[in-house]
K.L.:
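Before I ask anything, here is the structure I am working with.
The model shown is predicted, which means the values in this text are computed figures rather than measured ones.
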Amino acid sequence: VQLQAFGGGLVQAGGYLRLSCAASGRTFSSTYMAWFRQAPGKDREFVAAISRSGGGRYYADAVKGRFGISRDNAQNTVYLQMNSPKPEDTAVYYCAAGSTFERRTNGYDYWGHGTVVTVSS
């Protein structure tokens with residue numbers, strides 16, 4: 001599986017932004033998908049994950065209620081809707097694919113290049 005994330009940019013606090021991650025390969029619908037982020041000087045951290053069918057969604061406490069993860073298996077794409085972002089959400093956002101739900105980075109086999117999100121106050 002090859003992943004490519006895009007949609008990052010500069011957004012004002014309280015606004016909204018949608019990230020997309022396009023996947024290649026025929027196994028997309030059989031993988032769990034996740035978003036992680038890494039702020040300058042910090043470790044990469046879990047943001048959200050979604051099950052194969054989309055019925056199971058998991059969020060980090062820091063984004064619960066503000067961000068939404070979804071997927072379109074017909075389009076081999078996973079999304080991260082960022083509502084009411086805060087300056088502390090500024091980071092490089094990565095999408096990842098794996099065989100099960102994990103909050104740890106080493107639980108995912110495939111990673112895309114990141115997309116930069118900057119939230120201005």
K.L.:
Keeping Thr31 on the side-chain end and Met33 on the backbone end, is there a donor-acceptor pair under 3.5 Å?
P.N.:
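Such a contact is absent between Thr31 side chain and Met33 backbone.
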K.L.:
Could you work out, with salt bridge (charged side-chain N to carboxylate O under 4.0 Å, His left out) as the rule, every residue matching Asp61, not counting sequence neighbours?
P.N.:
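Partners of Asp61 by the salt bridge (charged side-chain N to carboxylate O under 4.0 Å, His left out) criterion, ordered by chain and then number, come out as Lys64.
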K.L.:
Count the heavy atoms of every other residue, nucleotide or ligand shown that sit under 6.0 Å from CD of Gln4, and state whether that count exceeds 12.
P.N.:
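Check fails, neighbour count at 12 or below.
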K.L.:
What residues, two or more places apart in sequence or in another chain, satisfy side-chain hydrogen bond (donor to acceptor under 3.5 Å, both in side chains) together with Asp109?
P.N.:
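Asp109 satisfies side-chain hydrogen bond (donor to acceptor under 3.5 Å, both in side chains) with no other residue.
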K.L.:
Give the minimum heavy-atom separation between Leu3 and Ala23, together with the two atoms involved.
P.N.:
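Where Leu3 meets Ala23 most closely, the heavy atoms are CD2-CB, 3.5 Å.
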K.L.:
Which residues pass the side chain to side chain contact (heavy atoms under 4.5 Å, CB included) test with Ser70, not counting sequence neighbours?
P.N.:
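Listed in chain order: Arg57, Tyr79.
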K.L.:
What about Val63 and Val11, same hydrophobic cluster or not, with Ile/Leu/Val/Met/Phe/Trp/Tyr joined at side-chain heavy-atom distances under 4.5 Å?
P.N.:
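Val63 and Val11: one cluster.
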K.L.:
With ILVMFWY side chains joined below 4.5 Å, transitively, what does Phe6's cluster contain besides itself?
P.N.:
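Noted: Phe6 shares its cluster with no other residue.
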K.L.:
For the backbone of Arg52 and the side chain of Asn73, can you confirm whether one donor and one acceptor N or O come within less than 3.5 Å of each other?
P.N.:
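Yes, the answer is positive, given that a donor and an acceptor are paired below the 3.5 Å cut-off.
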K.L.:
Give a yes/no verdict on a cation-pi contact between Arg44 and Tyr94, requiring under 6.0 Å between NZ or CZ and the six-membered ring centre and an angle within 45° of the axis.
P.N.:
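Judged by the rule (NZ or CZ under 6.0 Å from the ring centre, within 45° of its axis), Arg44 counts as positioned above Tyr94.
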K.L.:
Would you please name every residue forming a side-chain hydrogen bond (donor to acceptor under 3.5 Å, both in side chains) with Gln12, sequence neighbours left out?
P.N.:
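Partners of Gln12 under the side-chain hydrogen bond (donor to acceptor under 3.5 Å, both in side chains) test: none.
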K.L.:
Do the side chains of Ile50 and Tyr58 get nearer than 4.5 Å, heavy atoms only?
P.N.:
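A side-chain contact under 4.5 Å is absent here.
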K.L.:
Return the set of residues passing salt bridge (charged side-chain N to carboxylate O under 4.0 Å, His left out) with Glu102 (not counting sequence neighbours), or none when no residue passes.
P.N.:
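By the salt bridge (charged side-chain N to carboxylate O under 4.0 Å, His left out) rule, Glu102 matches Arg104.
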K.L.:
Go through the structure and list residues passing ring pair (Phe, Tyr, Trp, His ring centres under 6.0 Å) with Phe46, not counting sequence neighbours.
P.N.:
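So Phe46 forms a ring pair (Phe, Tyr, Trp, His ring centres under 6.0 Å) with Phe36, Phe101.
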K.L.:
For a quick test of reading the model, state the closest non-hydrogen atom pair linking Gly15 to Pro85 and the distance between them.
P.N.:
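Closest heavy-atom pair between Gly15 and Pro85: O-CD, 3.0 Å.
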K.L.:
Should the heavy atoms of other residues, nucleotides or ligands under 6.0 Å from CG of Asn106 be counted, would the total exceed 12?
P.N.:
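Result for CG/Asn106: enclosed.
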K.L.:
For Phe67 and Asn83, what are the C-alpha separation, side-chain angles and deciding distance, and is it a side chain to side chain contact (heavy atoms under 4.5 Å, CB included)?
P.N.:
CA-CA 6 Å; Phe67 291 9; Asn83 297 326; 5.8 Å; no
K.L.:
Does Arg37 have any side-chain hydrogen bond (donor to acceptor under 3.5 Å, both in side chains) partners at least two apart in sequence or in another chain, and if so, which?
P.N.:
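Per chain and number, Arg37 pairs via side-chain hydrogen bond (donor to acceptor under 3.5 Å, both in side chains) with Glu45, Asp89, Tyr93.
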K.L.:
Which residue pairs pass the ring pair (Phe, Tyr, Trp, His ring centres under 6.0 Å) test with at least one member in residues 9-33, sequence neighbours excluded?
P.N.:
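For residues 9-33: none.
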K.L.:
Any disulfide (SG to SG under 2.5 Å) pairs touching residues 9-104, not counting sequence neighbours?
P.N.:
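Matches after skipping sequence neighbours: Cys21-Cys95.
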K.L.:
Using distance only, find each side-chain donor-acceptor pair of residues 114-121 under 3.5 Å and give its atom names and separation, not counting sequence neighbours.
P.N.:
residue	atom	partner	partner atom	Å
Thr115	OG1	Gly8	N	3.0

K.L.:
Does Tyr59 reach the main-chain N or O of Ile69 with its side chain, forming a donor-acceptor pair under 3.5 Å?
P.N.:
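Flag set: sc Tyr59 to bb Ile69 pair under 3.5 Å.
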K.L.:
Check whether any side-chain heavy atom of Met82 lies under 4.5 Å from a side-chain heavy atom of Leu19, and answer yes or no.
P.N.:
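With C-beta onward as the side chain, the pair touches.
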K.L.:
I'd like to check the salt bridge (charged side-chain N to carboxylate O under 4.0 Å, His left out) partners of Arg18; sequence neighbours left out, ordered by chain and number.
P.N.:
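Partners of Arg18 under the salt bridge (charged side-chain N to carboxylate O under 4.0 Å, His left out) test: none.
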K.L.:
Hydrophobic cluster membership, with links at side-chain heavy-atom distances under 4.5 Å among I/L/V/M/F/W/Y: are Val92 and Val47 in one?
P.N.:
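Looking at the clustering, Val47 is in a separate group from Val92.
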